[in-house]
Amino acid sequence: MASEAISAALIRRLRISSGLSDADINEIHTLPILVREYPAERAGVRDGERCTECCLIAGGFCIRSKNIPDGNRQILSIHIPGEVPDLMSLFLHVMDHDLMTLTPCTLGFISHEALRQLHRRRPDIAEMFWRDTLIDAAMLRDWIVNVGQRSAPARLAHVMAELRQRLKVVGRLNENSFEMPLTQEQLSEALGITAVHANRVIRQLREDAIVDFQRGRATILNERKFMELADFDNRYLHESPAL
DNA sequence: TCATTAACTGAGG
DNA sequence: CCTCAGTTAATGA
């Protein structure tokens with residue numbers, strides 16, 4: 001994939017929540033990006049690592065996760081093309097979690113030095129990254145509420161609703177189904193339940209004709225029941241550019 | 001390897 | 001007593 005196409009993914013992402021001038025766009029296109037291909041289920045960036053670059057997802061799906069000593073893992077967020085899940089490494093010098101690929105991924109690495117220069121050169125762009133980071137925190141707050149307070153079926157529906165919305169705004173939604181490339185085991189790690197229970201929950205939602213989940217793809221069967229169960233309000237995604 | 005299901009168990013309302 | 005969810009184990013795709 002050409003570097004130009006990769007920076008385009010970032011621009012599309014930043015456009016969701018911020019206005020971008022032509023000058024901004026040109027600046028982002030000049031960023032040097034080193035492209036690397038990763039297989040599925042591989043650490044892009046590891047907990048404890050000292051980073052010298054940030055990682056832009058150009059293709060594929062990633063997750064943030066943290067392992068605890070008993071061997072269990074909590075999935076903290078799901079990431080889609082155009083996102084920079086380890087943007088915090090620019091200012092937080094040691095990673096406090098893993099960034100893993102879910103699927104085979106094309107990752108674009110941008111050096112911290114290049115990003116710092118860009119921040120100094122163009123305060124508007126620095127502001128955009130600020131906003132992006134704050135939205136990320138808002139999404140994590142939402143994730144905590146989901147895992148901590150909702151019933152298991154509602155947790156699943158909520159994560160589905162958020163992912164669907166995020167895929168929608170980058171034009172990756174077709175009809176009533178969308179990519180959600182997690183195994184049931186991974187899904188259980190995202191929802192804080194066992195894999196067996198994740199299976200039970202999926203079966204229940206399928207039987208109730210609310211959603212289906214098969215081979216990494218989610219299908220909405222009953223929009224009204226789905227949204228009611230998911231309790232999803234996209235406000236926390238802050239998708240509209242400031243007016 | 002991943003998904004499915006049953007059977008059992010206990011917590012908690 | 002009912003629902004939810006973890007454990008174990010067997011089995012299918």
Side-chain angles (χ1 to χ4, degrees), chain A residues 36-47 57 59-81 83 85 97-107 139-164 166-167 172-233 236:
Chain A
R36 294 183 211 135
E37 298 292 335
Y38 280 72
E41 285 280 327
R42 202 59 66 83
V45 185
R46 284 200 173 74
D47 197 348
I57 305 173
F61 283 63
C62 294
I63 50 167
R64 291 198 192 116
S65 62
K66 268 179 101 96
N67 286 85
I68 61 170
D70 71 3
N72 284 342
R73 178 172 80 152
Q74 178 66 48
I75 291 177
L76 302 161
S77 53
I78 300 169
H79 295 280
I80 66 176
E83 298 181 348
H97 59 273
D98 293 309
L99 179 60
M100 310 272 303
T101 62
L102 276 178
T103 63
C105 281
T106 305
L107 303 182
M139 290 166 67
L140 287 168
R141 286 192 287 276
D142 189 80
W143 193 275
I144 290 170
V145 172
N146 198 45
V147 171
Q149 299 299 326
R150 291 196 178 95
S151 70
R155 280 183 227 181
L156 174 57
H158 189 86
V159 169
M160 281 180 169
E162 181 194 298
L163 188 60
R164 177 175 73 161
R166 285 160 61 205
L167 289 170
R172 282 175 158 268
L173 196 60
N174 51 319
E175 295 294 310
N176 47 5
S177 86
F178 53 94
E179 296 165 87
M180 191 159 174
L182 284 81
T183 64
Q184 292 188 3
E185 171 76 32
Q186 292 164 340
L187 201 56
S188 75
E189 292 171 326
L191 303 180
I193 60 180
T194 61
V196 170
H197 195 52
N199 183 271
R200 281 198 286 248
V201 168
I202 291 165
R203 175 162 59 126
Q204 189 61 53
L205 293 181
R206 188 182 291 134
E207 274 175 12
D208 296 346
I210 297 173
V211 297
D212 198 2
F213 182 80
Q214 268 185 349
R215 279 171 274 104
R217 178 159 280 270
T219 306
I220 309 306
L221 303 173
N222 183 318
E223 179 66 26
R224 188 186 58 77
K225 286 184 183 171
F226 169 65
M227 287 303 277
E228 189 181 311
L229 180 62
D231 179 33
F232 178 72
D233 178 339
Y236 72 93

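The sequence lines fix the lettering, A, B, ..., with proteins before strands; numbering per chain opens at 1.
- In this entry the distance linking CD of E189(A) with C1' of dC2(B) reads 13 Å, nearest Å.
- With rounding to whole Å, I202(A) atom CD1 is found 15 Å from dA5(C) atom C1'.
- Atom CG in L187(A) sits about 11 Å away from atom P in dT4(B), given to the nearest Å.
- Side-chain contact of R155(A) with H158(A): a donor-acceptor pair under 3.5 Å is absent, judged by distance alone.
- Heavy-atom contacts from other residues, nucleotides or ligands closer than 6.0 Å to CZ of R46(A) number 12 or fewer.
- In terms of modelled atom types and a separation under 3.5 Å, the side chain of T101(A) and the main chain of Y38(A) share no donor-acceptor contact.
- Atom CE of M180(A) and atom P of dA3(B) are 12 Å apart (whole Å).
- The distance between atom CD1 of I193(A) and atom P of dG6(C), rounded to the nearest whole Å, is 7 Å.
- Ion pairing between E179(A) and R172(A) holds under the 4.0 Å rule for side-chain N and carboxylate O.
- One can place CD of E185(A) at 14 Å from C1' of dG6(C), the figure rounded to the nearest angstrom.
- As rounded to whole Å, 11 Å separates atom P of dA5(C) from atom CG of L191(A).
- Side chain of E83(A) to main chain of I80(A): a donor-acceptor pair is present (N/O by atom type, distance under 3.5 Å, no hydrogens or angles).
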Inset, instruction - Spell out protein contact along nucleotides 5-13 of chain B as letters: B when the base is contacted, S when just the sugar-phosphate is, - when no protein heavy atom is under 4.0 Å; keep the 5' to 3' order. - result: BBB------
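- If you take NE2 of H197(A) and C1' of dC4(C), they are 6 Å apart, rounded to a whole angstrom.
- Between the side chain of D98(A) and the backbone N or O of M100(A) there is no donor-acceptor pair closer than 3.5 Å.
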